[in-house]
Every structure is written in structure tokens, then in C-alpha cells.
Amino acid sequence: QVQLVESGGGSVQAGGSLRLSCAASGYTYCMGWFRQAPGKEREGVAVIYIGGGRTYADSVKGRFTISRDNAKNTMYLQMNGLKPEDTAMYYCAARTRPGCGLSTAVEYNYWGQGSQVTVSS
């Protein structure tokens with residue numbers, strides 16, 4: 001079992017920045033960030049593989065950066081240029097085998113507790 005503990009998040013004005021962290025208690029092959037706004041479906045934001053390969057949702061490209069420190073088993077999401085539509089609960093997720101994708105939330109084995117991000121206009 002791998003436990004994921006998130007930190008970061010909060011409230012900012014539009015154009016501001018926040019950073020989310022997700023610390024894993026063990027090995028992960030790939031990790032991702034998902035978000036869910038009230039009344040909407042969970043959507044993939046960004047994914048990163050142990051080798052550093054990354055994928056972003058079109059809505060966050062150029063504004064968000066996903067990274068990971070393999071030595072610390074920790075993943076980060078740097079969010080710049082935040083918009084009100086980025087407001088959501090953000091979740092980190094992980095797999096210990098290949099198969100991470102932006103649209104494959106059901107395939108992830110482990111999930112963090114969620115971090116609220118609120119962006120005001």
C-alpha cells in the first residue's frame with residue numbers, strides 16, 4: 001500500500017500562483033493530478049512518469065508545471081496564472097505500474113486526500 005499526502009493549495013486572486021505537493025510513502029511508477037469542481041466530473045490536469053515524461057491538459061498548458069523528486073517520492077504542481085475556472089478540489093494519484101493517463105482516473109491505485117484551490121476574480 002502506498003499512502004499519498006497532499007499539501008499546499010489555498011485561495012488566491014486571478015493571476016496568482018500556488019504550489020501543490022504530494023508525498024508518497026513508497027515507490028510509484030507514475031503520478032498525476034486531477035481536479036473536480038462542484039457539479040463537474042473529475043478531470044485530469046497533468047501526469048508525470050518516473051523517467052520524467054509529462055502530459056498536460058490543454059486547459060493548463062503553459063501555466064501549470066508538474067514535477068517530481070524521485071529521491072523524496074514527492075510530486076509537485078506549480079500553478080501560475082491561475083484563473084477562476086481553475087477553482088476545484090485537486091487530488092494527486094499514483095500507480096506502481098505503467099498506465100497513467102489524463103482520462104484514466106479509474107486506473108489509479110492510490111489517491112491523496114484532496115486540496116482545495118480557490119481562485120477569485
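The list of salt bridge (Lys or Arg N to Asp or Glu O under 4.0 Å) pairs with a residue in residues 8-24, not counting sequence neighbours, is empty.
In the model, Y29 has no side-chain atom that pairs as donor or acceptor with a side-chain atom of R97 under 3.5 Å.
The side-chain contact (heavy atoms from CB on, under 4.5 Å) test with Y27 singles out one residue from N73, I50, N70, and that residue is I50. Remark: of the listed residues Y91, Y108, Y90, Y108 is the sole one forming a ring-ring contact (aromatic ring centres under 6.0 Å, His included) with F34.
I48 and V5 fall into different hydrophobic clusters, defined by Ile, Leu, Val, Met, Phe, Trp and Tyr side-chain heavy atoms under 4.5 Å apart, directly or through other members. Both L82 and I66 are members of a single hydrophobic cluster when ILVMFWY side chains are connected at heavy-atom separations under 4.5 Å. Under a hydrophobic clustering in which Ile, Leu, Val, Met, Phe, Trp and Tyr are joined whenever their side-chain heavy atoms come within less than 4.5 Å, directly or via other members, F64 and V117 fall into the same cluster. Linking ILVMFWY residues whenever their side-chain heavy atoms come closer than 4.5 Å, directly or via other members, leaves L102 and Y56 in distinct clusters. Transitive grouping of hydrophobic side chains (ILVMFWY, heavy atoms separated by less than 4.5 Å) keeps V47 and V2 in distinct clusters.
Here the closest heavy-atom approach between residue S17 and residue G81 is recorded as OG-N, 4.4 Å. The nearest pair of heavy atoms linking G44 to A57 is O-CB, 3.4 Å. Here the closest heavy-atom approach between residue G99 and residue C30 is recorded as N-SG, 4.3 Å.
Judged purely by atom type and a 3.5 angstrom limit, E6 uses its side chain to pair as donor or acceptor with the backbone of C92. Side-chain N or O atoms of T87 include one that pairs as donor or acceptor with a backbone N or O of V119 at under 3.5 Å. No side-chain donor-acceptor contact under 3.5 Å links Q36 to the backbone of M89. No donor-acceptor pair closer than 3.5 Å links the side chain of Q116 to the backbone N or O of G9.
Under 4.0 Å is where a charged nitrogen must lie from a carboxylate oxygen, and between D86 and K83 no such pair does.
Remark: L20 CG to S115 OG distance equals 5.5 Å, nearest 0.5 Å. The line from CD of E85 to CZ of R35 is 8.0 Å long, rounded to the nearest 0.5 Å. We find the CE-SG distance between M75 and C22 to be 4.5 Å, quoted to the nearest 0.5 Å. If you take OH on Y76 and OG1 on T65, they are separated by 14.0 Å, rounding to the nearest 0.5 Å. Q13 CD to S121 OG: the interatomic distance, rounded to the nearest 0.5 Å, is 9.0 Å. In this structure, Y110 OH and M31 CE are separated by 12.0 Å, a value rounded to the nearest 0.5 Å.
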